[in-house]
Amino acid sequence: MTIISKTPNDQANKTVVDSDNTTAINYCINFERFNEHLVDVTLNFTALVDAPQLWLPAWIPGSYLIREFARHITAVHYKVLNTDTDTDTEANINNAPNKLHRGQKIDKNTWQLPAVKAGQRLSVYYEVYCYDLSVRTAYVDQQRLYGNFTSLALAVEGQEQAPVQVNLLVPAAFLADKNQADVELACGLDASHVQSLNQQGANQQGYGLQAGSYYQLIDHPFEIASQQFFDFIIQDANNQALSHRFYLSGKHSANMGRLQQDITQICQTYLNWLGDAPFNDYTFMTYASGQDYGGLEHINSTSLITPRRDLPSSNEPVMPSSDYQRFLGLCSHEYFHSWWVKTVSPDVMIDVDLRREVFTPLLWVFEGFTSYIDDFMLQASAVIDKSSYLTLLAEQISRYYQTPGRAQQSVAESSFDAWIKLYRSDENTANAGISYYNKGALVALCLDLSLLEKSAGQYRLFDVVKAFYGQAKQQGSQRIGISSADMGQVISQFMPQADWEDFEGRYINGVEELPIERLLSANGIKIQVDSKDSADKKMPWGMSCTETAAGLKVNRVQRSSAAALAGISANDVIIALDGIKADNKQLVALAVANNDHAIGCHLFRRDELLCVTVLPAVQRDRQDNLQEVLAAPSIHKVNLRFNNDANSTRDNVDPKQAPAWQNWLEVLSTAKS
């Protein structure tokens, strides 16, 4: 198969083409066994050392969990090619003595090829099982061929910086039931469309990709499927046109015109703020499913999966539905990561080792800032109005108050422990910790408002981000890694250093309650506790339950709550309360009533019947320990509204007097260049 090179779109995609093919790493990825969710990979390269080693990442950048991708590789085989040819022909495979060797596994994700000598050309063969629908791995079936190369492409130890060529072979059987005009390759890398004949003489469709190195390759996922797409152009501050393409696969009935309009506005707003981008083109890859949700950032693309109900309908209202707002927030989040993770990142993530954990206390900065800015930019772009944004922010604040573990774990500790906690939640997670996404977003809010306060309205969190991005652009690599000390150094340019150190000690390294109410109030926003959606109704006695035919199954129990002190535990099945068959309605009624008398509770733990006594008043009486009070809050849900005072948006306000919230919400008029 011949790969036809195209003009690279951006510096990140520029590739040195290896004309004699002796130093390039070549992958052929064959999807012929798509019905079995299997991909066959052939890797060709010239060994630079005796007994070369091959390795596969254990995690993918942007998702901080050891995922052990190597577990999906069955076995690795290899063959040294004849010296008079560097192609793997059928004759070579069948006639060469000792035609195949089996790679020796020397650790969980590394194989050694002991029969190979330096200078020999060889082929490596292995299969990969691909049936994970998430955006982090690979998925192959009759509808779509999707993959991250962190799951598919074994790296050659010591040759990771060599140029890479990839052939993606799509069998005729995959295309047979599809309109071939609708089958598209979505990928941030330039691709050439090619055809070849397999060994049986049947036509195969194929795509050729090129990357400058293994590390560049793994930053570009791909999808081949029946897809709809649209193109749009974004202008940077120098009036340079940046081409964007949005792909959408899966079953859906999305309003593509509305989607194009809204995504264009959001992306343009980012460029209006940041001036330019670390890419010349950008690709959105989206798969519509039933209920799956997630996204993963890459340097000039993002891979998204969304419930199809979150996509805009044919009659989508002018103000997007809450479901559609969620999808737009996801797009905004991953798009911003091109600047704020892929360009500016934690220092330990530069030249990172993908075979082991890399710990940093700064994920609250990168995911937290992004989780604040993503929704903020929806209103800054006028895709949603400011009242809708306050609703989104109130949901974030409510989640914070619903997590008693915020009194136990700092947001810096949450960042450091991401590898063992965030993606491994259990019934104790909310009691023992806090998400660096959720609290990080609210720390970013408080830091943004504190910067406004300490600089008399002159500086914002957005100025901090832009300052770091400016530093990155001055580097030859166009990337920088930052530490906690770097954070303090830059932030101290915009607020007094003593104020930053106090903020950091209290709210980042410490577990003091965030000053959300005070800071929002100073900016014309009032927090109201929603009495109709109280903790007594949503978490009666401090526990969440699911009503089943067997009784009330307990999902989790808050620490120091009436349920916990009575000895009720997660996975218990409550069958009777006060001698009456238990259901959610009865439980809520007992909790809301705030009865002081003891209540008998019969439950099954595994197959054993237990009887415990619940004292509803005991939680209200435990006021001697501040940590216990914080760990069992009465607030379950809050609402935000504009203050009806002299700085509000009332009809009788002097139009010459700016609302108190204007400096906060109207970012494009206040952020400094």
Side-chain angles (χ1 to χ4, degrees), residues 15-18 20-29 39-63 66-81 83 86 88 98 100-129 136-138 147-167 189 209-221 348-358 477 479:
T15 302
V16 177
V17 179
D18 180 29
D20 64 8
N21 208 32
T22 58
T23 61
I25 307 296
N26 293 274
Y27 299 91
C28 179
I29 299 178
V39 170
D40 293 297
V41 182
T42 301
L43 164 60
N44 289 287
F45 68 99
T46 300
L48 300 184
V49 298
D50 292 346
Q53 295 181 6
L54 310 175
W55 62 274
L56 196 70
W59 60 280
I60 186 169
S63 183
I66 296 295
R67 298 189 181 274
E68 311 293 18
F69 300 131
R71 65 195 173 97
H72 296 302
I73 294 180
T74 306
V76 172
H77 296 86
Y78 66 100
K79 181 177 74 68
V80 177
L81 300 177
T83 56
D86 62 356
D88 180 21
N98 302 317
L100 282 179
H101 303 274
R102 192 178 183 93
Q104 295 180 1
K105 202 166 188 181
I106 59 176
D107 64 31
K108 65 180 181 179
N109 55 354
T110 306
W111 289 260
Q112 190 167 44
L113 314 180
V116 178
K117 300 297 183 183
Q120 290 182 322
R121 187 78 179 166
L122 66 148
S123 288
V124 179
Y125 314 92
Y126 57 94
E127 68 177 25
V128 186
Y129 181 68
R136 310 177 193 98
T137 52
N148 285 278
F149 289 106
T150 43
S151 295
L152 298 173
L154 285 170
V156 181
E157 181 74 38
Q159 297 179 237
E160 294 89 351
Q161 298 302 328
V164 175
Q165 298 176 346
V166 179
N167 296 336
L189 286 172
L209 304 175
Q210 296 189 68
S213 69
Y214 179 81
Y215 293 108
Q216 186 187 106
L217 178 69
I218 63 174
D219 205 14
H220 292 87
V348 296
M349 297 295 177
I350 300 292
D351 298 324
V352 67
D353 187 345
L354 295 174
R355 287 169 278 192
R356 53 187 57 86
E357 298 97 331
V358 181
S477 64
R479 292 188 65 198

Which heavy atom in [X] sits nearest to a heavy atom in [Y], and how many Å separate them?
| X | Y | answer |
| --- | --- | --- |
| P57 | T150 | CD-O, 3.6 Å |
| Y214 | A153 | OH-O, 2.7 Å |
| P52 | V116 | CD-CB, 3.7 Å |
| L113 | G103 | CD2-CA, 4.2 Å |

For [X], give me all partners under side chain to side chain contact (heavy atoms under 4.5 Å, CB included), at least two apart in sequence or on another chain.
| X | value |
| --- | --- |
| V352 | W59, M349, L354, V358 |
| L48 | Q159 |
| S213 | Q161, Y215, Q216 |

Test salt bridge (Lys or Arg N to Asp or Glu O under 4.0 Å) applied to K108 - qualifying residues, sequence neighbours left out
E68
For D40, the salt bridge (Lys or Arg N to Asp or Glu O under 4.0 Å) test, sequence neighbours excluded, returns R33
More than 12 heavy atoms of other groups within 6.0 Å of K105 NZ:
yes
Quick one: are [X] and [Y] in side-chain contact, heavy atoms under 4.5 Å?
| X | Y | result |
| --- | --- | --- |
| L81 | N44 | yes |
| Y27 | L209 | no |
| P114 | Y78 | yes |
| L154 | V41 | no |
| L217 | L189 | yes |

Quick one: which residue pairs count as a salt bridge (Lys or Arg N to Asp or Glu O under 4.0 Å) with a foot in residues 147-158, not counting sequence neighbours?
E157-R355
To the nearest 0.5 angstrom, please state how far the [atom1] atom of [X] sits from the [atom2] atom of [Y].
| X | Y | atom1 | atom2 | value |
| --- | --- | --- | --- | --- |
| R102 | H77 | CZ | NE2 | 4.5 Å |
| K79 | H101 | NZ | NE2 | 9.0 Å |
| I73 | L56 | CD1 | CG | 4.5 Å |
| N26 | N167 | CG | CG | 7.5 Å |

Sequence neighbours excluded, which residues qualify as side-chain hydrogen bond (donor to acceptor under 3.5 Å, both in side chains) partners of [X]?
| X | value |
| --- | --- |
| S63 | R67, R136 |
| D50 | none |
| T137 | D132 |
| D219 | H298, K342 |

Excluding sequence neighbours, so at least two apart, what forms ring pair (Phe, Tyr, Trp, His ring centres under 6.0 Å) with Y126?
none
Return the set of residues passing ring pair (Phe, Tyr, Trp, His ring centres under 6.0 Å) with F149 (not counting sequence neighbours), or none when no residue passes.
F222
Is a side-chain donor-acceptor pair under 3.5 Å present for Q53 with T110?
no
Flag for N148-S151: side-chain donor and acceptor within less than 3.5 Å:
no
May I ask you to decide if A118's main-chain N or O and Q120's side chain share a donor-acceptor pair within less than 3.5 Å?
no
Working note: I60 + F69, criterion side chain to side chain contact (heavy atoms under 4.5 Å, CB included); need CA distance, chi angles, decisive distance, verdict.
CA-CA 9 Å; I60 186 169; F69 300 131; 4.1 Å; yes
Exactly one candidate in V49, L54, T46 meets side chain to side chain contact (heavy atoms under 4.5 Å, CB included) with V156; the answer is L54
